Protein chains: 2
Amino acid sequence: MTPRKSPDDADLEALPPGLAAAWGVVDAGGRRGPKPAHSVEEIIAVATELADAEGIAAASLPKVAGRIGVTTNALYRYVSSKEELVVLLADRAWGDPPALPDGDWREAAALWSRRLFERFLSRPWLLDVPTTVSLTPHNAAWLDALITVLRPTGMEAQQMLNCAYLLDSHARYGANLRRNTPTPAALRRANPDQQRAVRAVRVFLDGQLRSRDLNAVADALENPTFLSDEPPLDGFEFGLARILDGIEVYVRR
Amino acid sequence: MTPRKSPDDADLEALPPGLAAAWGVVDAGGRRGPKPAHSVEEIIAVATELADAEGIAAASLPKVAGRIGVTTNALYRYVSSKEELVVLLADRAWGDPPALPDGDWREAAALWSRRLFERFLSRPWLLDVPTTVSLTPHNAAWLDALITVLRPTGMEAQQMLNCAYLLDSHARYGANLRRNTPTPAALRRANPDQQRAVRAVRVFLDGQLRSRDLNAVADALENPTFLSDEPPLDGFEFGLARILDGIEVYVRR
DNA sequence: TTGTTACTGTGCACGGCATGAACACTTCAT
DNA sequence: ATGAAGTGTTCATGCCGTGCACAGTAACAA
């Protein structure tokens, strides 16, 4: 099931760090010596816990190792570098793509983007992972799911990819915005200090913007911005609708 | 010209690090003691050089200090933390927004997004700056420029902001993609090692994708992806056209 | 059985990073 | 002139990722 290194594979050395590992392609080594006491899976799981709890910076090698009960350097027996660990971490965090209805590409694409958005909301640290290695298994599975439902539109492969980029980009950006700007509801739930901080930023920015004649922005920021609580009006859904409309225009030639 | 701290300002302590500094709001301190031998401007300029040359990681406090000819800790007399420096760095890198034609909102918005895209291409490290502090002066000026040309569409302030987010998001994502995936032309210019690396990735991914029945993706990747060289066909322009179409549909109700 | 070999986890070490605290020195306000 | 405020340096701490030598262990070869 899991592909192994074989002579006809391209030179694995030339691949960016983590790529081969993410796809499960590793020279599985002989079986001499002590059995490893742990596993890459365990390491990823622990790192994920840490990242979930305190952000990506908390998933450092010393902290992961400490929680596993092992020296930092022992991790290098499982993972060739920090970067590789992060790639594996990110791939795992994507998880499996949702099942998409076929028949209505627009509805399917909307669902795809919403699910992705929610993924990013629930694992905000995923937004902090640099996206140098583009395609890893889970990641690719998401992409495949989307392209599959887009095919009936008759678009070319290129353009389907570009549509996927649009929807992915939007989900990321929206999730990032929401992370930095709590919704009114979340704000009401927040502690007084946080509420005061948010208010301070608003007041400060309004003052600065107006004093520099950036009134267009100041006006737009007056009522709390991106994500209101009601889905049909919030920024994510608005942008999603625009993107889908734009694609629809294109599909209808 | 430069606003100073005054008693009626909101509590500056509650603001995220760098925000107040970015807007030039600082308690300007007495004028006792030795004159500073350097300036925040100089520090930012040096840090920008370093970031331009070797990426954001090269703009570390020791390196900046070293190049200025001063101890690392001396920088703390000008900047209260690394984070603040990065915010200032990013704001400066945005630069001034382009002049936009009025009369045709669509053309203006397209121009805005293209210019932003180019900005990100020429300063890729800007994509690595976490966007926690959203609005800084240059940044806000860009936003203001766009909103100003969108106003004639009659959209509400909220929706204009959301459109700005769409265009910003697209520019960022596109620039990031291109950074990781050289265009065919750039690839031809690259050295043999890089060419081999890119080819290795392509071959590897194709193999992996097909062996997992992710053929939709594999097919889409067959011909080199996002950004071809000819503007009307590349991924950025495609996505931009979709977004603008989507906005146009909305504007025409 | 006895090496030999490959692999494990540990200990030690390094250099880089952001940042804090004490200090000597300089300049201006009083 | 004196003292407060502000400058840059020195010393220090605690993180981080990573390389290397080592002792131990388990499978294979003789």
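Chain letters run A, B, ... following the sequence lines, proteins first and then strands; every chain starts at 1. What you are looking at is a predicted structure, and each value in this text was computed from that prediction instead of being measured.
Rounded to an integer number of Å, the gap from Y76(B) OH to dC23(C) C1' is 19 Å. R31(A) places its CZ atom 13 Å from the P atom of dA6(C), with the value rounded to the nearest Å. To the nearest angstrom, P of dA29(D) lies 7 Å from CZ of R32(A). One interatomic measurement links the two molecules: CG of N73(A) to C1' of dC12(C), which rounds to 10 Å at whole-angstrom precision. Taking atom CG on L85(B) and atom C1' on dA18(C), their separation rounds to 12 Å, with Å as the unit. The separation between L61(B) atom CG and dG20(C) atom C1' is 14 Å, rounded to whole Å. Protein atom NE2 of H38(B) is 8 Å distant from nucleotide atom P of dT9(D), rounded to whole Å. Here dA5(D) presents its C1' atom at 12 Å from NZ of K35(B), a figure rounded to the nearest Å.
Looking at P137(B) and R212(A), their side chains come closer than 4.5 Å, going by heavy atoms from C-beta outward.
Using bins of under 30°, 30° to 60° and over 60° for the plane-to-plane angle, the ring pair F117(A)/F236(A) lands in the parallel bin.
Among the protein residues, S81(A) comes within range of the sugar-phosphate backbone only, with heavy atoms under 4.0 Å from sugar or phosphate atoms but none that close to a base. As judged by a 4.0 angstrom heavy-atom cut-off over every strand, T71(B) is placed among the base-contacting residues.
Of the side-chain N and O atoms in Y78(A), one or more sit less than 4.0 angstrom from OP1 or OP2 of dG9(C).
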Please determine whether salt bridge (Lys or Arg N to Asp or Glu O under 4.0 Å) holds for the pair R172(B) and D168(B), giving the CA-CA distance in whole Å, both sets of side-chain angles, and the decisive distance to 0.1 Å. CA-CA 6 Å; R172(B) 295 188 112 89; D168(B) 177 27; 3.2 Å; yes
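Two rings, from W125(B) and F120(B), have their centers 6.0 Å or more apart.
When the nucleotides dA18(C), dG8(D), dT8(C) are ranked by their closest atom to the side chain of V70(B), dG8(D) comes out on top.
Closest-nucleotide positions on DNA chain D for R77(A) and K63(A) were compared, and the one nearer the 5' end corresponds to K63(A). Looking at which nucleotide of DNA chain C each of A37(A) and P34(B) is closest to, the 5′-most match is held by A37(A).
Under the side-chain contact (heavy atoms from CB on, under 4.5 Å) test applied with T48(B), the options I43(B), L88(B), V64(B), L89(B) reduce to a single match, L89(B).
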